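What follows is one structure encoded as structure tokens, with my remarks underneath.
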Amino acid sequence: MPPIFALVDCNNFYASCERVFAPRLEGKPIIVLSNNDGCVVARSNEAKALGIAMGVPEFQIRPLIRAHQVQVFSSNYTLYGDMSQRVMETLEQFCPDLEIYSIDEAFLSLTGFTSRNLTDYGRTIRATVKRWTGLPVSIGIAETKTLAKIANRIAKRTPDTGGVFDLLACSDRDALLGRVPVEDVWGIGRNHTRLLNQHGIKTALQLREVDEQWIRKHLGIVGLRLVMELRGVSCLDLEECPAPKQSLTCSRSFGHPISTLAEMEEAVSSYASRVAEKLRRGRLAGTVMTVSLTTNEFKEGPQYSNSVTLNLSVATDSTADLIKSSLRGIRAIYKEGYNYKKAGVILTSLVPASQTQADLFDAQDRVKSKRLMSALDAVNDRWGAGTLHYASSGITKRWKAQFQHRSPAYTTDWAALPIVTA
DNA sequence: TCTGGGGTCCTAGGACCC
DNA sequence: TCTGGGGTCCTAGGACCC
């Protein structure tokens, strides 16, 4: 049976999540900012219409924000993560074969659903998600994932589709592909766009017709797959079981520049703690740690960035171990005389925690450490992240990122439940 | 004053082995 | 004169994604 994919994508996801809990903002421009309230990472349609671009720094659009009373939110990942889960659970009711592709997107396999009118089925899905979660979605349907992405884009931009577009049921496919700029094709980024444009390839339709040898040479195997997908040959399967994670990162910009080793040690050790928590949550342990730091490239003055990779010799998920290594790393690369903007801790060579190798020369009491970590996680789950933490992570944390416009955790914290007044 | 964070996959080139 | 070649593993860097 030939495969059929649907791509379901939440419209302006973060902005829409904020609006669900602030219905007075219906029809108003909304933006959501990145960590530290740095850049715009989500915009409602009204904000897009004002010309606010994705990724612009907030300080550059302040006059626009004031002039049009744009509603500004800091990002609230607890809220978005919970809303995402509700959307995915709803989709599962309609189609058990589902791949959660990102926080706001899922691919469904509609292979074998052809006895139905797929556009109608999509409309039912869309209406149900809206009713159960309050969030608007768009749905694109086609015989490959890459084409489903394009169908989704058409659904989103063409109001009379009612938010659902089935490329299989469409008679003028070539005309539509001819209107899709090549940079909007899934898998074509800035650099490939430049290369393709230099060779006169400007649309999805033109990309589809490119010679296979040429594409293999210039865009590699990934590019070749992409072209085949545009031709309707499915090369990317639905991946229902996510592959095990290969790396785990905590990297953050500071609330203000750091210029002392002591403060840098605090930050890095708190990032290492965060990585340790994520490891334990995923029942993983890590063997190789990379610690990095960097100054602010947007500023004048001397720049420095560096990283160091440490082999931990034994896979671990212990906060104490990881802090110790992160401090060793940061001391190796820290140089006096710079204003640092950001640091990070990355763990790689991850293995399931149950399969960690015992090291004969490892003198530590692993059982004791494990009990300590369980207690630490339990307290922080119950009383809030960071209730218990290692002293090396600092008490004042002056370097921590700022969130001036954060909305409450409406759906995950009893104290923040929205209140309905009659 | 103020510019995010967290991932994956592929490729080219070097080291090493036989 | 003229000095192999193929396979594997590892790593750094590039490109892309949301």
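This one's a predicted model, so the numbers in the text were calculated from it and none came from an experiment. Each chain gets a letter, A, B and so on, in the order its sequence line appears, and its residues count up from 1.
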Would you call the rings of H218(A) and H199(A) parallel, tilted or perpendicular if under 30° counts as parallel and over 60° as perpendicular?
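The arrangement is tilted - the two ring planes meet at 30° to 60°.
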For dC18(B), which nucleotide is its Watson-Crick or G-U wobble mate, given both distances must be under 3.5 Å?
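dC18(B) is paired, partner dG5(C).
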Any side-chain N or O of [X] under 4.0 Å from OP1/OP2 of [N]?
X: Q246(A); N: dC9(B); value: yes
X: T249(A); N: dG7(B); value: yes
X: S34(A); N: dT3(B); value: no
X: R225(A); N: dC10(B); value: yes
X: N36(A); N: dG4(B); value: no
X: H192(A); N: dC16(C); value: yes
X: K149(A); N: dC18(C); value: yes
X: K299(A); N: dC2(B); value: yes
X: R216(A); N: dT11(B); value: yes

Counting the atoms with a prime plus P, OP1 and OP2 as sugar-phosphate, which does [X] contact under 4.0 Å by heavy atoms, base, sugar-phosphate, or nothing?
X: I346(A); answer: nothing
X: L33(A); answer: nothing
X: E297(A); answer: nothing
X: R274(A); answer: nothing
X: N296(A); answer: sugar-phosphate
X: R252(A); answer: sugar-phosphate
X: S75(A); answer: nothing
X: E58(A); answer: nothing

Whole-Å distance between [N] [atom2] and [X] [atom1]?
X: I188(A); N: dC16(C); atom1: CD1; atom2: C1'; result: 9 Å
X: Y14(A); N: dG4(B); atom1: OH; atom2: P; result: 15 Å
X: R153(A); N: dC17(C); atom1: CZ; atom2: C1'; result: 17 Å
X: N339(A); N: dC2(B); atom1: CG; atom2: C1'; result: 15 Å
X: E239(A); N: dC18(C); atom1: CD; atom2: P; result: 15 Å
X: L236(A); N: dC17(C); atom1: CG; atom2: P; result: 13 Å
X: E229(A); N: dC17(C); atom1: CD; atom2: P; result: 14 Å
X: Q404(A); N: dG4(B); atom1: CD; atom2: P; result: 16 Å

Both M54(A) and A243(A) contact DNA chain B. Which one's nearest nucleotide lies toward the 5' end?
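Looking at DNA chain B, the more 5' nearest nucleotide goes with M54(A).
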Starting from the 5' end of DNA chain B, give me the residue, K341(A) or G220(A), whose nearest nucleotide shows up first.
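Of the two residues, K341(A) wins.
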Among [options], find the nucleotide with the atom closest to the side chain of [X].
X: R62(A); options: dT1(B), dC16(C), dG4(B); value: dT1(B)
X: S251(A); options: dC18(C), dG6(B), dG7(B); value: dG6(B)
X: K245(A); options: dC10(B), dT8(B), dA15(C); value: dT8(B)
X: K278(A); options: dG4(B), dG7(B), dG5(B); value: dG7(B)
X: Q60(A); options: dT3(B), dG6(B), dG4(B); value: dT3(B)
X: C250(A); options: dG5(B), dG6(B), dC10(B); value: dG6(B)

What verdict does the ring-ring contact (aromatic ring centres under 6.0 Å, His included) test give for F107(A) and W186(A), after you've listed the backbone C-alpha separation in whole Å, the side-chain angles of each residue and the deciding distance to 0.1 Å?
CA-CA 14 Å; F107(A) 286 102; W186(A) 191 37; 5.7 Å; yes
So which heavy atom on S109(A) is nearest to which on L238(A), and how close?
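What the structure gives for the nearest pair is CB-CD2, 3.7 Å.
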Shortest non-hydrogen separation from R252(A) to K342(A) and the atoms involved
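Looking at all heavy atoms of both residues, the closest pair is O-CG, 3.2 Å.
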Using a strict threshold of under 4.0 Å (side-chain N to carboxylate O), is an ion pair present between D184(A) and K149(A)?
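A salt bridge is absent here (no side-chain N lies under 4.0 Å from a carboxylate O).
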Taking the C1' atom in each of dC16(B) and dG4(C), what is the distance between them to the nearest angstrom?
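About 15 Å, rounded to a whole number of Å.
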Should F113(A) and Y121(A) be marked as a ring-ring contact (aromatic ring centres under 6.0 Å, His included) after you check the CA-CA gap, both sets of side-chain angles, and the distance that decides it?
CA-CA 9 Å; F113(A) 282 53; Y121(A) 196 54; 5.7 Å; yes
Should L219(A) and V227(A) count as side-chain neighbours, where that means a heavy-atom distance under 4.5 Å?
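They are not in contact (no side-chain heavy atoms under 4.5 Å apart), so the answer is no.
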Could you tell me whether R274(A) sits above the aromatic face of Y271(A), with NZ or CZ closer than 6.0 angstrom to the six-membered ring centre and within 45 degrees of the axis?
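Geometry flag: not set, cation outside 6.0 Å or 45°.
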